[in-house]
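In what follows, chains carry the letters A, B, and so on, assigned in the order in which the sequence lines appear, proteins first and then strands, with residues in each chain numbered from 1.
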There are 4 protein chains.
Amino acid sequence: MCRFLLYKGKDSIQLAHLLTRPAHSIINQSFDCRLRIDTRRPINGDGFGVGWYESNPGPDNTPCIFASVTPAWNNQNLARLAEKIRSPLVFAHVRASTSGTLSENNCHPWKYNRLMWMHNGHIQDFNKIKRKLQQSLRDEIFLFVQGNTDSEWAFALFLNQLRDPQAERFDHETLKKAMLKTIEQLNIWAEEAGITEPSLLNFAVTDGCSVVCTRYINSKTEEAASLYFSSGTNFKEYKPGHYRMIKADKREDIVLVASEPLTFEKADWLIIPTNTCFVITPKFNVLLFPIKDQYYNSDRMKKRQSIVPPAVL
Amino acid sequence: MCRFLLYKGKDSIQLAHLLTRPAHSIINQSFDCRLRIDTRRPINGDGFGVGWYESNPGPDNTPCIFASVTPAWNNQNLARLAEKIRSPLVFAHVRASTSGTLSENNCHPWKYNRLMWMHNGHIQDFNKIKRKLQQSLRDEIFLFVQGNTDSEWAFALFLNQLRDPQAERFDHETLKKAMLKTIEQLNIWAEEAGITEPSLLNFAVTDGCSVVCTRYINSKTEEAASLYFSSGTNFKEYKPGHYRMIKADKREDIVLVASEPLTFEKADWLIIPTNTCFVITPKFNVLLFPIKDQYYNSDRMKKRQSIVPPAVL
Amino acid sequence: MCRFLLYKGKDSIQLAHLLTRPAHSIINQSFDCRLRIDTRRPINGDGFGVGWYESNPGPDNTPCIFASVTPAWNNQNLARLAEKIRSPLVFAHVRASTSGTLSENNCHPWKYNRLMWMHNGHIQDFNKIKRKLQQSLRDEIFLFVQGNTDSEWAFALFLNQLRDPQAERFDHETLKKAMLKTIEQLNIWAEEAGITEPSLLNFAVTDGCSVVCTRYINSKTEEAASLYFSSGTNFKEYKPGHYRMIKADKREDIVLVASEPLTFEKADWLIIPTNTCFVITPKFNVLLFPIKDQYYNSDRMKKRQSIVPPAVL
Amino acid sequence: MCRFLLYKGKDSIQLAHLLTRPAHSIINQSFDCRLRIDTRRPINGDGFGVGWYESNPGPDNTPCIFASVTPAWNNQNLARLAEKIRSPLVFAHVRASTSGTLSENNCHPWKYNRLMWMHNGHIQDFNKIKRKLQQSLRDEIFLFVQGNTDSEWAFALFLNQLRDPQAERFDHETLKKAMLKTIEQLNIWAEEAGITEPSLLNFAVTDGCSVVCTRYINSKTEEAASLYFSSGTNFKEYKPGHYRMIKADKREDIVLVASEPLTFEKADWLIIPTNTCFVITPKFNVLLFPIKDQYYNSDRMKKRQSIVPPAVL
């Protein structure tokens, strides 16, 4: 399975502080993942991608994406770009292929005008619902897809829920509704196809202002892929490779969401409960909504809250 | 536009004699094409591929494919493999992308069990017929496609014409019929979609024994992409980089088909007329069938026969 | 042979205006070069690189470099980065390998702390002087080289002329002297080795403030590789893909140097005479110094001044 | 650290049986290595290479090499070639970079005419002896090196010990002597440079007939990188992914040497003792010579003999 990370801050952050410098950065996670559910393929060496919005955008505030099929930990372009690029909103992803071949087209995140998307997990038996998904799409969205992953087609399905996916801005309610409809639709098709194993649907989407992500599994009993968040006023390197989230007061100037904690401080990270929709508003309010569909299980949610983040152990 | 080349011989040939050593090899053609119709993108630097069958196949006589997105002319793996690998049936292709992104998935040739396919040209306005094509396919063929080119989807359409595309062998009549039905179906969809510009459909397919290829355009007046063939008993290097096709007697032990001649000898090459299906039988009979559909034009065919191959000039 | 381009401006420019949008940009030049001296290898498809300094640098004002071995014209990362990155000082290079294998290590430009270097041309019979060059280097410079090109070793030789190549800043006189000593030393070794064919030494170096480049050949009679410059107040796109250098008054806010003109306006471009050292000072003074060594030929210089830039024809 | 594997057999083996099919193949080892000494970089994802000699060589019996910088476990070209290529003598290597950048030039094995070389380990503080090593080389060997790894320069040093490294054949005594002189020379330079940490020098070389390899460390007390061998008459897949070495009688028709056992049978594998030179003669005699230099330690050798191969546990 893959790993992802997202940052939204009032100030821009140098990508290196997210990607290359932290001892437990997403790139180091790419070869040392303690939380993997899927142990068959133990590393995330099948490409990576990072997408970001500009600090001072011009009229074209679409995100920029850098992706590569060579492993993130030895990519000199990434190492150099990460030292120079600063951004207030970053998505990053390392890939262990479960579906789709090794190709830049298959690297997350993807963008569609202002919108950017990534996925950690997989759609179970995707081949059984691929046709239905494609047939449900409007032409411009059907034709937009370049790769062959379940994750990119899920993005297409999400886009198809929006009235105007090319809009300049979306309110976070709109994005959240489209996200929930995407999951609902995937569940419907899974049931129609008689798929009994669950899908792992940790999705993240942003328009450059709001962020909506999910930690979700279409199962009442099994665990979703892990997802944590951290918020504060300063993401600070107190010694080389070691970071802490500083909380100067009650303000939240930075929100980080990640498959695994980036720091080794227990207090920095909170688990996002299974089957939750997690929203960061343009004004940095953090909202958690339980996804109360047929897979909702209040017991599971309580239990998982108490699990200690692994980088802390 | 792309370039392709195919070799079928009673004896195996070292790939270097086709790919890397001839002064006008397909790889040199990749940066020096005198016959291009499309002059907007003057080079074939968007990847290449070569597929071949073994000289002494075991029970698994599927072809082997080597493909890369770096330019063929500077690929050390290709240079080394070409010096070592010998095969009695070879497909090679250099790509200038007209559709589909730069990705190994988008490199020709493709294989499906015993069958191998490549295409020189493009399907005009492919996006307008992509859905119909996909919906026409049986599931296992729909799901087989990995890339996003018109050419690979055309292969899928071809496979869909065969009762059992996983068969061990096909007679050449079966392959030819499936090829003609593939073109016919593409024409039907093009008309339904109101596409007025023609498609360039030089396809080649083989099961390891027979070869069927086409030089085709769905236009009564315009030219198809060029296609030549040469046959004889020995493809001989008489001085470094310079080859001749030797015809020891009336036998045909070797047949070459290529977008452009590989040798500089006028007498070595014959043009395959526009809108022709060209067949090499397992016993090395070479058969040319005019494709007599609504785009057939007997005048055009006579005229083009007299054109001198360009490498000869 | 390769192509290079450099931009220095009072304002930052979006890289796309240099790299991807101009109809005769360096990337389009990579497959359509009208001025090539070397016709054996007609395209620059062996990798490319772009290096730039930040608009608002932090304490670490080293350049950032993005390089790739896949052709520039089909590199999605480059296309996306070029739309987003702005810089007041840019080096760009497309490569046609004359020495060194296809490898990111062999892509220009290279950097050493604040300094950035690129080369268009080749050092004749480099293998005959490689040992002497390496032995002349101080340890930290000898060990800095990662690739195997004559061009990167020439950069090492240049660095070795500087008392402190890790300095924060250099005055342009220092850079110019080191450049001339580099060429002088290469000439001495060429003579010692009895090399009779000339080298093409169009070098460019910058510390982020000054730029020094050369158009040079160690021959009294032969032509150096082409080099042009253009200066003005605004590099303006007057219709898609078509640019003009606007000269609002006598000021020079922008200086472009390129192997071939980027615009189609004759008046925009001046030839840099053969065997000239071309300097852009931090205050945008443009200085041309004839290199008056044993290969100086005043007749040749006059003659070449009159040649019309090729993109204008 | 890296992993390597070599096969020499009376019969050719399909590469897949060594590379891709065994559950504990070198490629699976690339992300699941139980024996790594160096735990800082836990995976071998920095490229790989495989080199082989032909079953029925023509006059040019040089090896063929396929190398790539993308991880071995997701390389479709490798997967396809491994199913088709058969060879009586194979070297394979997966790389975790300790020295040298990510580049095909830096992938093992390398070849020089008939000779092929690979290395598992590293030369400690290579930068301190690099100049001396280079200066000791004859010109044609100095100029042959393309990459920037300690391992390739060690190959150059080895070649320099041979009177005629371009010879058609070498007796195994000659190769063994050159190997021991290579190690001796590296030790001399390490001492001169005051390097106190040991080097890990597991080298392998072949001319296509004999194989010479070493398990070596220039330390009296520390462990060398692991090395095992297995010999028998048939390397048999008894269930998918699971192999056994069959020993039909006393004959040795197959010898395998590997950083880690490929099978899970304890009896299949013997440890090569630390500081041993291991030779396979053209007639399949297997010879072990202790390297009795200043680092020889008879106690250590006895102790290590008893260690159980890890794949067996």
For B:D207 and B:R114, indicate whether the former's side chain and the latter's backbone hold a donor-acceptor pair under 3.5 Å.
-> no

Closest approach of A:S199 and A:N218, non-hydrogen atoms and distance?
-> N-OD1, 2.6 Å

Just wondering, are more than 12 heavy atoms of other shown residues or ligands nearer than 6.0 Å to CZ in A:R169?
-> no

Distance-minimising heavy-atom pair for B:F144 and B:E152 | O-OE2, 4.5 Å

Without hydrogens or angle criteria, can the side chains of A:N148 and B:Q146 be said to hold a donor-acceptor pair below 3.5 Å?
-> yes

Aromatic ring proximity, centroids under 6.0 angstrom, B:H108 and B:W110 = yes

Ordered numerically, the heavy-atom neighbours of chain A under 4.5 Å found in residues 191-198 of chain B are none

Does one side chain, of B:T62 or B:N113, offer a donor that lies under 3.5 Å from an acceptor on the other?
-> no

If the plane angle is over 60° it's perpendicular, under 30° parallel, otherwise tilted; pick one for B:Y295 and B:Y216.
-> perpendicular

If you check every heavy atom in residues 127-137 of chain A against those of chain B, which residues fall under 4.5 Å?
-> A:N127, A:K130, A:R131, A:Q134, A:Q135, A:L137

Heavy atoms from other residues, nucleotides or ligands near NZ of B:K111 exceed 12 (cutoff 6.0 Å) | yes

